Amino acid sequence: MRIGVLTGGGDCPGLNAVIRAVVRKGVGTYGHEFVGFRDGWRGPLENKTMPLGIKEVRGILPRGGTILRSSRTNPFKIENGVEKIKENLAAGGVDALIAIGGEDTLGVATKLDALGVNVIGVPKTIDNDLGATDFTFGFDTAVNIAMEAIDRLHTTAESHHRAVVVEVMGRHAGWIALHAGIAGGANVVLIPEQKFDLGEVVAHVQKRFEIDYSPIIVISEGAMPTDGDMITLTGELDAFGHVRLGGIGNWLADQIEKQTGKEARCVVLGHVQRGGTPTAFDRVLATRFGLQAIDAANDGDWGKMVALQGTEIVRVPLAEATRELKTVPAHRYGEAEAFFD
Ligand code: F6P
């Protein structure tokens with residue numbers, strides 16, 4: 001078989017580990033051939049390809065980013081997008097696609113599968129918000145980066161009797177804030193799933209100052225106060241209808257400063273969370289996903305996404321995986337709340 005591989009959406013550590021595993025087992029065990037499609041769905045849409053063999057995947061296991069590059073292209077927003085993809089696949093003799101991506105990229109894969117394209121999905125996102133899988137790779141790395149930042153911020157905050165607000169990624173799901181906040185010993189964790197009461201946050205912060213301890217508040221970029229909405233950087237939407245978030249951390253630091261009379265600073269971690277080398281956990285998960293994805297392709301088990309359930313890698317229907325976002329349930333948030341006072 002000749003199989004195309006693409007990576008779409010926001011990048012995350014571990015993408016190269018998946019590509020490597022797919023190609024190594026695909027060539028070594030099954031004797032398949034591969035073609036790399038560049039820049040997410042733009043690759044098959046505009047026939048942007050690159051060679052993808054054993055040589056190309058040497059040494060990429062620890063490398064962040066994606067050798068295939070990425071984009072947020074949505075072929076369903078482009079005139080005759082699906083027809084163009086089908087034509088390009090046929091012209092290049094490509095029998096199937098392995099699409100590595102999050103909700104948007106795999107949403108496209110789900111629709112293409114229904115339209116007769118042979119496709120296998122691999123879930124990635126630092127946000128960990130894809131359904132049907134316990135974890136996505138990239139998440140563990142992002143959490144570790146955020147945790148290390150929080151550890152460092154504790155000591156500088158303490159020296160200056162300051163509160164520090166740490167804004168992390170997470171549009172609709174607060175997994176990074178929750179896990180980094182718990183691991184880093186945050187005073188307060190604020191996530192998109194639970195609107196927060198500013199007065200209560202200020203009270204938690206004040207209590208910390210009273211015991212001469214400088215509070216760290218971890219907040220997801222998509223978190224909202226009870227009487228407010230998400231704060232956006234620009235009004236522009238991407239091809240999947242997402243706005244660019246950002247600003248809630250600075251807003252909160254400003255409010256804390258005004259209401260407590262103490263100094264507050266905001267640190268926005270941003271894309272630092274997505275760059276660089278993956279943790280061992282993410283390398284292993286990404287590798288296992290890649291191996292299972294090429295097994296599924298070899299079996300002709302189209303329309304499936306590989307997923308981690310418990311300790312096993314399983315195959316689930318793509319449609320099931322992309323039906324709804326996996327958000328933080330109230331009882332998990334309660335684990336962080338136990339440390340707010
Ligand atoms: O979807 C993953 C993610 O990291 C979100 O948490 C974040 O909102 C978004 O990507 C930012 O993406 P970019 O700035 O690359 O468009």
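What you are looking at is a predicted structure, and each value in this text was computed from that prediction instead of being measured. Note that ligands are numbered from 1 as they come in the structure, with each ligand's atoms numbered from 1 the same way. Residues: numbered from 1 along the sequence shown.
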Looking at S220 and M169, would you say the former's side chain and the latter's main chain have a donor-acceptor pair under 3.5 Å?
no

Counterpart residues, salt bridge (charged side-chain N to carboxylate O under 4.0 Å, His left out), relative to R332 (two or more places apart)
E335

If you define the side chain from C-beta out and look only at heavy atoms, does anything of L291 sit under 4.5 Å from R24?
no

Can you list everything that forms a salt bridge (charged side-chain N to carboxylate O under 4.0 Å, His left out) with R63? Sequence neighbours excluded, please.
none

At less than 4.0 angstrom from any atom of ligand 1, which residues have a non-hydrogen atom? List them by chain and residue number.
R72, I126, D127, M169, G170, R171, E221, H271, R274

Applying ring-ring contact (aromatic ring centres under 6.0 Å, His included) to H172 and not counting sequence neighbours gives none

Please check this pair: side chain of H154 against backbone of G184, looking for a donor-acceptor N/O pair closer than 3.5 Å.
yes

